[in-house]
Amino acid sequence: MNIFITILKRDLLLAIRHRAELLNPMLFFVLVIVLFQLGMRAKPAVLVTLAPAIVWIAALLSALLSLDHMFRSDMEDGALEQMIISTQPTSLLVLAKILAHWIITGLPVTLIAPILGLMLGLTGDASLILFFTLLIGTPILSAIGSIGVALTVGLRRGSVLLSILVLPLYVPVLIFASQTVNTFMAGYPIFASLSVLMAMLVLSLSLSPWASSAALRMSVS
Amino acid sequence: MEIESQPYSQAARLGAENLCVEKQDRWLFQNITFQLEPGEMLHLRGTNGSGKTTLLRIVCGLTNADQGEINWAGKSIKQQRDEYHSQLSYVGHSDGIKQDLSVTENLKVAAVLARGKQQTPKPIDIDQTLRDMGLNKKKDTFAHDLSAGQRRRLALARCLLNDTSIWILDEPLTALDKHGVEIVENMISAHLHRNGMAIVTSHQELTINKDRCKDLDLS
Amino acid sequence: MYRWFHQLGSPPTFYKWSGQWLPWLTFVCITLFVVGLYGGLVYAPADYLQKDSFRIIYVHVPAAWMSMFVYVVMAFSGAIALIWHIKLSEIMMLSSASIGASFTFIALITGSIWGKPTWGTWWEWGDARLLSELLLLFLYIGIIGLYSAIEDKRKAAEAVSILALVGIVNIPIIHYSVIFLNTLHQGPTVSKFDSPSIETSMLIPLLIMALAFKLFYIIVLLMRSRNELLWRERRSQWVRNIIKGTGNV
Amino acid sequence: MYEFLHMGGYGGYIWSAYGITAIVLTLSIVLPIIQSRKNHKRIEHMLEQEQD
């Protein structure tokens, strides 16, 4: 357990020392939403129905954008090799890195999402539900994304391939999360889709560290 | 420069049997076999691109050879991955130092990676290791403020701190000044004296007593 | 049984055995195709609702089944290669990727062509089957892209088998989330693919075509595996004999 | 024969679907054959190089 906290603290420390980079995911998230509004100039009634999808696609893209430096810097300065030949199970280290990535990118996006939801015309409760779906959903994005990053970290120009590998796997999260908010706005109970989202979270947090560590061992070899 | 001198408890024979690695349609090297007894050092020589680094990474278990086996204490390392890695320290070309962490922070993370279960090493261990490596004045400076030679010594300090019986060092003397080279040579011979083993690649000659030193030329 | 499997595993025997089987397989496959096409296009009566446009199912449905089947075979042989390092199953996995992608592509195109007369649109977002077929195509593209992006082919094969395993876990999730999305819109659409409750005279050609597609897959798989095997073992003696000896396929 | 081609007004859809399928399938058969010939030539070339 000690190793998990050490790697987590180390990654957060490294992120804080690059304070400027911390803002990138949030700025990108807000910018994408603003672009949607400018692009559509839709009537408020239409905008509200699209709001969950817009916010979620923006969150998904900002997670995808910042996935790359989850392992990239460790790969370059040899820290990844040290992790793999350490006695600690690599999947525990990967889980720590996934959590660190979520705290750095997923959490800030989730925190400011309700405000943007209100901006797009969502009611207070709908924004709250949006916040919950993001709170549950963004860790899934980091977990699944870690598999794609681990597979492509060895490549010099892997980023386009990364999005082709990862986006199809993001589809279920996007569907269930934005549908949860839509069904809430339509007044139906949302327990079903929310629990499916929780199930996805548990599944991705338990399976993806194994797959990512196998992929890392391959990329480093 | 006093280094604890009791021998490593888990030192055991490390050997390789006819390792072969293929690289783009030709053999990088074929049928490499060597045996290393506790207390001995293998000096790996060879021209650039003759596969020295690949061989080191195979011994570390980072890469798999196309054919052949590495065995430690009589068993293949693939079956005893964790015990083998608990006895191994590897310093490669990219030395695994995070530029934005301070010297002590880097060593703390490296120590937890190696020890894991027990707590992080007591501060005096870190100070002792830094004093041995001549870095004690640089305790809290960031790694990116260190010179290349100091960074190299910081990477090598990991081997001392983690107290592992097998050292795999890839060009440990690069970027080191005369004083640095002397520190590293004393460190290695003390390590061999404690029944430790080392596999080293280096273009410069290492003044280590000859009877403990084996040679292997890949080119 | 194990001895046969182990013996098959050795490249020269696999090469010889597959060489003998290929002509027969091709012959049977061609006859199945001819019979299936005749059955589907001529013999089967026109559907009372969709009239003749339903005949596209004789190509669309087998391709859709095969696209899923090939992915499962790919992931399965990838897992074997990852765990037991059996070289032949690694080759089988790699040879299945492109044929699986082409089946998915066929299923997609014929599906949308069929959508036009029946639903009036080239692309029906509501249709769960077509959507998951599209995402399956992206999974295949990811696998082929990843394999070509990594230079060291042994590492690339390992990466592909990991991705295939991740994909196999995600396919049911993607499929049911698309159906979930679909049922929200307009209730359970009468999916034209639900299990063949259609008359036997329409059903038999469909099964023949499905068998023909399966055989076609096996033929292409064997051919690609033989090429890959020959190239990987090019310095070994048995390849030299083959090249010097017969010099043909 | 015309009746067969006309397919009750859906000829265009049916034959385009079957046409694309035929193209993709023949392509998947022809490519491995070409690759096999290419492999044979490359290996023969390699063997000759080794002799002289």
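Numbered from 1 within each chain, the chains take letters A, B, ... in sequence-line order.
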(message) Counting heavy-atom pairs under 4.5 Å with chain C, which one of D:L27, D:L25, D:I29 comes out on top?
(response) D:L25
(request) Nearest 0.5 Å please: distance from the CG atom of C:L139 over to the CD1 atom of C:I144. (result) 11.0 Å
(message) If I take atom CH2 from residue C:W65 and atom CE from residue C:M209, how far apart are they, to the nearest 0.5 angstrom?
(response) 11.5 Å
(message) Quick one about D:Q35 and D:N39 (side-chain donor to acceptor, distance below 3.5 Å, no hydrogens or angles considered), yes or no?
(response) no
(message) To the nearest 0.5 Å, what is the distance between CG on C:L222 and CD1 on C:I219?
(response) 8.0 Å
(request) Tell me, for C:L41 versus chain D, whether the close heavy atoms (under 4.5 Å) come from the side chain, the backbone, both or neither. (result) both
(request) Could you tell me which portion of D:I20 (side chain, backbone, both or neither) has an atom closer than 4.5 angstrom to a non-hydrogen atom of chain C? (result) side chain
(request) Verify whether one side chain among C:Y217 and C:S96 offers a donor that lies under 3.5 Å from an acceptor in the other. (result) yes
(message) Looking at chain D, which one of C:K116, C:E228, C:R240, C:R235 has the largest number of heavy-atom pairs inside 4.5 Å, strictly under?
(response) C:R240
(message) Heavy-atom cut-off 4.5 Å, strictly under: side chain, backbone, both or neither for C:I99 against chain D?
(response) side chain
(message) Report which part of C:I109 has an atom under 4.5 Å of a heavy atom belonging to chain D: side chain, backbone, both, or neither.
(response) side chain
(request) Quick one: which of C:L37, C:V239, C:L230 has the most heavy-atom pairs under 4.5 Å with chain D, could you say? (result) C:L230
(message) Need one label for C:I106: side chain, backbone, both or neither, based on atoms under 4.5 Å from any heavy atom in chain D.
(response) side chain
(message) Any carboxylate oxygen within less than 4.0 angstrom of a Lys/Arg side-chain nitrogen, looking at C:R232 and C:E90?
(response) yes
